[in-house]
Amino acid sequence: MCVSKQIGLSDEDWQGEPCGKQQGLLMNWIPLTTENQLETIKEASETETVVIFKHSTRCSISAVAKSRLDRAETPENMTFYYLDLIKYRKISDEIAAAYGVEHESPQVLLIKNGKCVYDESHSAIAMDELVSHAN
């Protein structure tokens with residue numbers, strides 16, 4: 001629950017950031033559901049930073065990592081893809097082969113200029129690390 005609601009203020013009376021921003025609800029995940037999107041990601045990474053988050057919907061550690069990303073301030077210069085590993089394991093295998101990164105779950109990959117320049121897994125997944133490695 002956002003702070004304004006916890007202390008009983010209406011959105012009009014609250015002077016802080018909007019609830020959606022406080023709670024990270026502005027994360028705009030792009031579902032990664034087809035192998036064709038991998039080429040789109042590679043092409044897009046020539047002009048922008050792309051993040052792939054590989055998430056297991058059956059894993060509590062993965063849920064925590066996703067929640068931390070959801071709650072973080074979303075950088076404007078990054079595009080975020082979300083891969084459901086349970087439904088799309090073959091795409092995860094394609095990602096591992098294309099970028100030479102061993103599969104882990106949960107896992108983030110930072111793609112720039114067609115290459116994975118940073119990857120991390122489990123509790124080390126953090127937005128500030130993504131931002132740091134993107135620059």
Side-chain angles (χ1 to χ4, degrees):
M1 178 181 283
C2 66
V3 173
S4 64
K5 302 297 185 235
Q6 288 175 339
I7 61 176
L9 292 176
S10 69
D11 289 339
E12 294 80 31
D13 293 331
W14 175 245
Q15 298 298 311
E17 293 182 73
C19 287
K21 185 165 182 67
Q22 281 183 314
Q23 298 301 310
L25 299 178
L26 300 179
M27 174 60 83
N28 187 21
W29 294 108
I30 300 170
L32 180 49
T33 58
T34 69
E35 291 179 44
N36 293 339
Q37 286 176 282
L38 297 179
E39 187 58 35
T40 301
I41 289 169
K42 186 175 181 180
E43 290 171 7
S45 76
E46 297 295 332
T47 58
E48 63 186 274
T49 302
V50 178
V51 175
I52 299 172
F53 176 66
K54 296 172 22 176
H55 175 57
S56 171
T57 56
R58 296 180 185 161
C59 173
S60 62
I61 295 170
S62 193
V64 169
K66 182 178 182 298
S67 176
R68 280 200 318 262
L69 293 175
D70 284 337
R71 289 179 288 134
E73 184 174 337
T74 306
E76 291 182 20
N77 59 340
M78 291 186 189
T79 301
F80 289 82
Y81 282 83
Y82 166 91
L83 176 65
D84 179 336
L85 290 170
I86 305 303
K87 288 184 181 177
Y88 303 104
R89 178 57 198 251
K90 185 174 182 204
I91 295 173
S92 178
D93 294 340
E94 292 292 325
I95 291 168
Y99 295 107
V101 176
E102 186 175 333
H103 166 78
E104 294 191 64
S105 169
Q107 184 177 38
V108 290
L109 290 84
L110 189 69
I111 312 299
K112 290 180 77 170
N113 299 313
K115 297 181 180 357
C116 179
V117 297
Y118 173 75
D119 72 279
E120 195 54 80
S121 66
H122 296 85
S123 60
I125 295 172
M127 188 67 78
D128 59 341
E129 288 295 318
L130 290 170
V131 170
S132 173
H133 285 87
N135 297 326

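In this structure, Glu73 CD and Arg71 CZ are separated by 14.5 Å, a value rounded to the nearest 0.5 Å. Distance check: Leu83 CG to Gln107 CD gives 10.0 Å after rounding to the nearest 0.5 Å. Between Ile30 atom CD1 and Ile52 atom CD1 the span is 11.0 Å, to the nearest 0.5 Å. In this structure, OG1 on Thr34 lies 11.5 Å from CD on Glu94, to the nearest 0.5 angstrom.
Contact between Leu130 and Leu110 at its shortest, heavy atoms only, is O-CD2, 3.8 Å. Across all non-hydrogen atoms, the minimal contact from Ile91 to Leu32 is CG2-CG, 4.1 Å.
Side-chain atoms of Ser45 come within 3.5 Å of backbone atoms of Lys42 as a donor-acceptor pair (strictly under, hydrogens ignored).
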Using the rule given for side-chain contact (heavy atoms from CB on, under 4.5 Å), can you reason through Leu109 versus Lys54, listing the C-alpha separation, both sets of side-chain angles and the distance that settles it, and then say yes or no?
CA-CA 8 Å; Leu109 290 84; Lys54 296 172 22 176; 3.9 Å; yes
Using the rule given for side-chain contact (heavy atoms from CB on, under 4.5 Å), can you reason through Val108 versus Leu69, listing the C-alpha separation, both sets of side-chain angles and the distance that settles it, and then say yes or no?
CA-CA 10 Å; Val108 290; Leu69 293 175; 4.1 Å; yes
Step-by-step side-chain contact (heavy atoms from CB on, under 4.5 Å) determination, Ile41 to Tyr81
CA-CA 9 Å; Ile41 289 169; Tyr81 282 83; 3.6 Å; yes
The test is side-chain contact (heavy atoms from CB on, under 4.5 Å); show your working for Thr57 and Ser62 and say whether it passes.
CA-CA 7 Å; Thr57 56; Ser62 193; over 6 Å; no
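Between His103 and Ile95 there is no side-chain heavy-atom pair separated by less than 4.5 Å. Here the side chains of Met127 and Met27 are in contact, with some heavy-atom distance below 4.5 Å. Between Phe80 and Thr74 the shortest side-chain heavy-atom distance falls below 4.5 Å. Looking only at side-chain heavy atoms (C-beta outward), Thr79 and Thr49 stay at 4.5 Å or farther from each other.
A salt bridge (charged side-chain N to carboxylate O under 4.0 Å, His left out) check over residues 74-91, counting only residues at least two apart or in different chains, returns the pairs Glu35-Lys90, Arg89-Asp93. Applying the ring-ring contact (aromatic ring centres under 6.0 Å, His included) rule to pairs touching residues 34-73 yields Trp29-Phe53, Phe53-His55, His55-Tyr82, sequence neighbours excluded.
With a 6.0 Å radius and a threshold of 12 heavy atoms from other residues, nucleotides or ligands, Ile61 has its CD1 atom at or below the threshold.
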Throw together a table of side-chain donor-acceptor distances under 3.5 angstrom for residues 111-126, partners on residues two or more places apart or in other chains.
unit_1	atom_1	unit_2	atom_2	d
Lys112	NZ	Ala134	O	2.4
Ser121	OG	Glu104	OE1	2.9
His122	NE2	Ser105	O	3.1

